[in-house]
Each structure stands twice: as structure tokens, then as C-alpha cells.
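Throughout, protein chains are lettered first and strands after them, A, B, ... in sequence-line order, and every chain is numbered starting at 1.
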Amino acid sequence: MRTAPFPILVLLVAPLMASVQAATPADLLKGYSAEARAQQAGFTPSAQRGAAFYARTFGVSAKMPACTSCHTADPAKAGRHVVTDKPIKPLAPAANPERFTDLAKADKWFGRNCKEVVGRDCTAAEKADFVAFVTGGR
Amino acid sequence: MKTPYLFAAFLVLPLAARADKLVIPANAPPAFEAECGACHLAFPPALLDAKGWRRVMTQLDNHYGDNAGLDDKTRQAIETFLVQNAGGDKVSGAPLAKGEPPRLTATPWFKRKHHEVPAKVWQDPKVKSPANCAACHRRAAAGSYREREIVMPDGRRWEEKEDD
């Protein structure tokens, strides 16, 4: 009788633990790719397309016309926020292992930065390509 | 008699020391540093009044021209903290452009504190924005704004400026 609450507690806490557990960039790439495939049959992520997207000048924002405005031309290098001058750690997991290990965080930044720089939400395909590029995958 | 003077000094000193310290109150939610501090110094809440903070937090999708959108729960937690620890009338901010929230760099207090700073310093590429406290207040991240710690963009200490 006394032990009964224990399994209930575990059931309640387990999903929380799972959400805190770190994902890997490969997990995120897989997730975005699956999402993209649902919209576009046969999609496979491309680091090359991701590189082109990263280097593209969208010109929507005067101060931040491209990803590179703050993140520099090389995602393995540290950047600086172009308005506030706050240092930005490298995007590439090779240089900054924290990157792309938290889906909610990645989604938050794609959400903000895509609207700002690209002028709209990014598609799942664009996110998959982007992660493929910064992780140095194919 | 020296005693009354000494006594007076003890009364005044804590006030003077406090003016140099702008620490983040300990009850800050973890999201405060994580979210606000991701793009700029997580500003001490005392730098803007409650009305100003509410305006800032109700239009995060247009945060001085930047998208700083947050999920509602996080937004609410940060707003509550900012409002609870907000400053008074002296830090009632003004917007610099139409439609943007009030700026903590446009409060009577901020302007008075910085009125000796020459225009060319604000325009220095290493400063970029008056809200870039750490450009000169090198220990701003630790909440310390003492005059003797100020280093201007040209590398000279603020206290040396009279030698011009």
C-alpha cells in the first residue's frame, strides 16, 4: 500500500526527464527531415543547399540582411550581434557542442531569426538543410 | 570633533556604494538571463519603470526592430519579475521611434548620468548602441558600474579624460 504512490510518481516525472534529456544534432536533423518528407516526398537534406541558404542575402532587414550578418561567413566562428554587439557563440556543433541539442531552443531561434532575416517562417526542409550544413553533414 | 563627520560618512557611504551597483535581483527567473541575456546584457530591472517594462514585454515581436518573441509562459514570468523590480519616475523611458517601446537609455536618470559623454563615443563602432553598457562599463555583466572601472572605446579610463 505504502509503495503504491512510487510508480505513479515515476510515471509523472519520466516525461519531464525525457524532455530535459539532451538531443543530438543528428536527432534534430532527423526530425526536421521527417517533417520535410511529409510535405515533400523523397526529401533528403543537403548541406550544400544549407550553405547557400546561410550565405544568401535576403535583404528583408536592413541591419540583418543575412545569417552571416551576425554569425559571420563561417558558422564555426564566433559572431557578434550586429545591433547590440553581444558575442555569439559559434553555430557549428564542432566548435560549440551545445548547439542543436535542444529542439525547443532551435525552434525558438529559427522562429525569431527566420521571420527577421528571411521575412517568413523557414520550412522544415530549410531547417533540415541548415542543420546538415552547420553540422558538416551531407 | 571628528565624530559627527565620521558618523555622517557612514550614513552616506552605503547610498553612494549602491549607486554604483546595479545587480540583478536574486528572484530572477532562470529565463531572464537565458532569454534577455541571449542578445544583450540582461538589463537590471531598476533601469526602467513598470509601465515601460509592460510596454516592452507586450510587443516582443517588434523589440526595437528585432524579433524577440517568447512563449507566453516565459514572457509572463519575465514580465512579472521586471515589473516587481522596476524603477520609479526617474527611469520613465521614452520611445525613440514611433511604435517602439520606451528605451531605458532615454530616461531622465540615464541622460543625467551620461550627459558628459561626447557624441562621438556613442557613435563609435565598438559601442554600436547606448544600451551596450559593457562597451564602457567593463564590469556591467557583474552589476558593477563604478566610475573608476569605466574604460572608453579608445582604451582610456574615463577618469583620465581631463588630460585631453
Side-chain angles (χ1 to χ4, degrees), chain A residues 15-17 19-20 22-23 58-72 75 78-91 93 96-123 126-127 130 134, chain B residues 30-44 47 56-57 59-75 77-78 96-97 99-101 103-105 121-142 151-153:
Chain A
L16 288 174
M17 286 164 70
S19 72
V20 170
F58 295 94
V60 175
S61 157
K63 282 180 179 160
M64 302 174 184
C67 306
T68 55
S69 309
C70 297
H71 293 290
T72 81
R80 272 182 182 279
H81 193 288
V82 78
V83 176
T84 68
D85 206 41
K86 176 111 182 168
I88 301 173
K89 289 179 193 162
L91 271 179
N96 174 13
E98 265 179 50
R99 287 290 186 198
F100 301 102
T101 56
D102 179 341
L103 179 62
K105 197 171 174 182
D107 277 339
K108 179 182 78 186
W109 284 106
F110 273 130
R112 286 176 179 169
N113 292 350
C114 290
K115 276 186 211 119
E116 181 129 38
V117 176
V118 187
R120 56 166 172 80
D121 281 323
C122 290
T123 64
E126 284 165 338
K127 292 180 203 174
F130 190 94
V134 296
Chain B
F32 176 66
E33 177 63 47
E35 300 298 343
C36 310
C39 299
H40 53 69
L41 182 82
F43 298 116
L47 289 183
V56 169
M57 296 305 288
Q59 57 171 102
L60 285 175
D61 57 331
N62 179 10
H63 188 67
Y64 312 97
D66 217 333
N67 187 313
L70 289 172
D71 66 86
D72 211 53
K73 207 178 131 202
T74 310
R75 196 197 62 76
I78 293 175
L96 288 189
E100 72 168 30
R103 288 182 183 247
L104 56 80
T105 53
V121 170
W122 299 116
Q123 284 142 21
D124 191 291
K126 279 187 237 145
V127 176
K128 286 190 181 166
S129 156
N132 184 6
C133 310
C136 304
H137 298 280
R138 302 297 166 95
R139 295 195 63 239
V151 180
M152 304 309 283

message: My understanding is that only residues two or more places apart in sequence, or in another chain, count here; which of them pass disulfide (SG to SG under 2.5 Å) with A/Cys114?
response: A/Cys122
statement: The interface call for B/Leu41 against chain A, heavy-atom contacts under 4.5 Å, is backbone
field: Candidate list B/Ser129, B/Cys133, B/Pro130, test side-chain contact (heavy atoms from CB on, under 4.5 Å), partner B/Thr105, passing option
entry: B/Pro130
task: Below 4.5 Å from any heavy atom of chain A, which atoms of B/Ala38 appear? Answer side chain, backbone, both or neither.
output: both
- request: Measure the acute angle between the ring planes of A/Phe110 and A/Phe130, then classify it against the limits of 30° and 60° as parallel, tilted or perpendicular.
  value: perpendicular
task: Look at A/Arg80, A/His81, A/Arg112 and state which one has the largest set of heavy-atom pairs under 4.5 Å with chain B.
output: A/Arg112
task: Measure distances from B/Asp71 to the heavy atoms of chain A and classify the residue's part below 4.5 Å as side chain, backbone, both or neither.
output: neither
message: Using side-chain heavy atoms (C-beta onward) and a distance below 4.5 Å, is A/Lys127 in contact with A/Asp107?
response: yes
